[in-house]
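Following: one structure in C-alpha coordinates, then a few remarks.
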Amino acid sequence: MTIGGIFTAIIFGAIIGAIGRLLVPGKQNMPIWLTVVVGIVAAFIGSWLARGVFGWSTRGFNIGETLLQIVVAAIGVLLVATFWPKKHEV
(Lines give C-alpha, C1' and ligand atoms only; values in the text may rest on other atoms or scores of the structure.)
Protein backbone atom coordinates (compact mmCIF):
# COMPACT_ATOMS: atom_id res chain seq x y z
CA MET A 1 0.00 0.00 0.00
CA THR A 2 1.36 3.41 -0.96
CA ILE A 3 1.40 6.57 1.15
CA GLY A 4 -1.48 7.87 -0.99
CA GLY A 5 -3.43 4.68 -0.33
CA ILE A 6 -2.90 4.99 3.41
CA PHE A 7 -3.95 8.64 3.35
CA THR A 8 -7.05 7.75 1.32
CA ALA A 9 -7.93 4.92 3.73
CA ILE A 10 -7.72 7.33 6.69
CA ILE A 11 -9.90 9.97 5.01
CA PHE A 12 -12.43 7.45 3.71
CA GLY A 13 -12.43 5.66 7.07
CA ALA A 14 -13.15 8.94 8.85
CA ILE A 15 -16.10 9.59 6.53
CA ILE A 16 -17.45 6.04 6.83
CA GLY A 17 -17.03 6.12 10.63
CA ALA A 18 -18.76 9.51 10.93
CA ILE A 19 -21.71 8.36 8.83
CA GLY A 20 -21.91 5.14 10.83
CA ARG A 21 -21.85 7.17 14.05
CA LEU A 22 -24.67 9.41 12.78
CA LEU A 23 -26.83 6.35 12.14
CA VAL A 24 -26.51 5.08 15.71
CA PRO A 25 -29.12 6.79 17.90
CA GLY A 26 -28.13 8.52 21.12
CA LYS A 27 -24.84 9.91 22.36
CA GLN A 28 -21.73 7.81 21.93
CA ASN A 29 -19.02 8.45 24.52
CA MET A 30 -16.07 7.65 22.30
CA PRO A 31 -13.28 9.88 20.98
CA ILE A 32 -13.11 10.98 17.35
CA TRP A 33 -9.90 9.02 16.75
CA LEU A 34 -11.78 5.84 17.70
CA THR A 35 -14.53 6.74 15.22
CA VAL A 36 -11.86 7.00 12.50
CA VAL A 37 -10.37 3.63 13.51
CA VAL A 38 -13.83 2.00 13.47
CA GLY A 39 -14.44 3.53 10.04
CA ILE A 40 -11.13 2.25 8.63
CA VAL A 41 -11.75 -1.25 9.97
CA ALA A 42 -15.35 -1.14 8.67
CA ALA A 43 -14.12 -0.09 5.22
CA PHE A 44 -11.77 -3.08 5.06
CA ILE A 45 -14.38 -5.52 6.41
CA GLY A 46 -17.07 -4.13 4.09
CA SER A 47 -14.76 -4.47 1.08
CA TRP A 48 -13.86 -8.01 2.08
CA LEU A 49 -17.54 -8.94 2.47
CA ALA A 50 -18.42 -7.36 -0.87
CA ARG A 51 -15.69 -9.24 -2.73
CA GLY A 52 -15.41 -12.50 -0.82
CA VAL A 53 -18.91 -13.21 0.41
CA PHE A 54 -21.16 -11.46 -2.11
CA GLY A 55 -18.84 -11.68 -5.13
CA TRP A 56 -19.34 -8.03 -6.10
CA SER A 57 -16.86 -6.29 -8.36
CA THR A 58 -15.18 -3.63 -6.22
CA ARG A 59 -13.21 -1.78 -8.86
CA GLY A 60 -13.80 1.95 -8.71
CA PHE A 61 -16.74 3.37 -6.79
CA ASN A 62 -19.43 0.82 -5.93
CA ILE A 63 -22.53 2.10 -4.11
CA GLY A 64 -23.39 -1.35 -2.76
CA GLU A 65 -19.93 -1.77 -1.27
CA THR A 66 -20.05 1.72 0.24
CA LEU A 67 -23.46 1.10 1.82
CA LEU A 68 -22.19 -2.20 3.20
CA GLN A 69 -19.18 -0.40 4.70
CA ILE A 70 -21.49 2.16 6.33
CA VAL A 71 -23.66 -0.60 7.84
CA VAL A 72 -20.56 -2.35 9.18
CA ALA A 73 -19.36 1.00 10.60
CA ALA A 74 -22.70 1.60 12.35
CA ILE A 75 -22.50 -1.88 13.91
CA GLY A 76 -18.89 -1.20 14.93
CA VAL A 77 -19.79 2.17 16.48
CA LEU A 78 -22.65 0.55 18.38
CA LEU A 79 -20.37 -2.19 19.72
CA VAL A 80 -17.51 0.15 20.64
CA ALA A 81 -19.83 2.71 22.26
CA THR A 82 -21.41 -0.06 24.32
CA PHE A 83 -18.11 -1.35 25.67
CA TRP A 84 -16.00 1.86 25.73
CA PRO A 85 -15.59 3.18 29.30
CA LYS A 86 -17.99 6.01 30.09
CA LYS A 87 -16.73 9.34 31.42
CA HIS A 88 -17.68 9.82 35.04
CA GLU A 89 -19.38 13.14 35.64
CA VAL A 90 -18.53 14.94 38.85
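Heads up: numbering here begins at 1 and tracks the sequence.
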Inset, instruction - Compare every heavy atom of Val77 with every heavy atom of Val38, then report the nearest pair and how far apart it is. - result: CG1-N, 3.7 Å
Legend entry - Hydrophobic cluster identity match, Ile16 and Leu22, side-chain contacts under 4.5 Å: no
Legend entry - Closest non-hydrogen atom pair between Glu65 and Gly46, with its separation: CG-O, 4.5 Å
Legend entry - Path from Trp84 to Ile32 over hydrophobic side-chain contacts below 4.5 Å: no
Inset, instruction - Find out if a path of hydrophobic residues (ILVMFWY) with successive side-chain heavy-atom gaps under 4.5 Å connects Ile19 to Ile11. - result: yes
Legend entry - CD1 on Ile15 to CD on Gln69, rounded to 0.5 Å: 11.5 Å
Inset, instruction - With rounding to the nearest 0.5 Å, note down the distance linking OG1 in Thr8 to CD1 in Ile3. - result: 11.0 Å
Inset, instruction - Group every Ile, Leu, Val, Met, Phe, Trp and Tyr by side-chain heavy-atom contacts under 4.5 Å, then state whether Leu49 and Ile70 land in the same group. - result: no
Inset, instruction - For residues Ala14 and Val36, report the shortest heavy-atom separation together with the two atoms involved. - result: CB-CG2, 3.8 Å
Inset, instruction - Without swapping roles, check the side chain of Arg21 against the backbone of Gln28 for a donor-acceptor pair under 3.5 Å. - result: yes
Legend entry - Nearest-0.5 Å distance, OG1 of residue Thr82 to CG of residue Asn29: 11.0 Å
Inset, instruction - May I ask you to list the residues sharing a hydrophobic cluster with Ile75, side-chain cutoff 4.5 Å, ordered by chain and number? - result: Val71, Leu79, Phe83
Legend entry - Non-neighbouring partners of Trp48 that pass side chain to side chain contact (heavy atoms under 4.5 Å, CB included), sequence neighbours left out: Val53
Legend entry - Cluster check Ile40, Phe7: I/L/V/M/F/W/Y, side chain < 4.5 angstrom: no
Legend entry - All ring-ring contact (aromatic ring centres under 6.0 Å, His included) counterparts of Phe54, not counting sequence neighbours: Trp56
Legend entry - Closest non-hydrogen atom pair between Leu23 and Ala74, with its separation: CB-CB, 4.3 Å
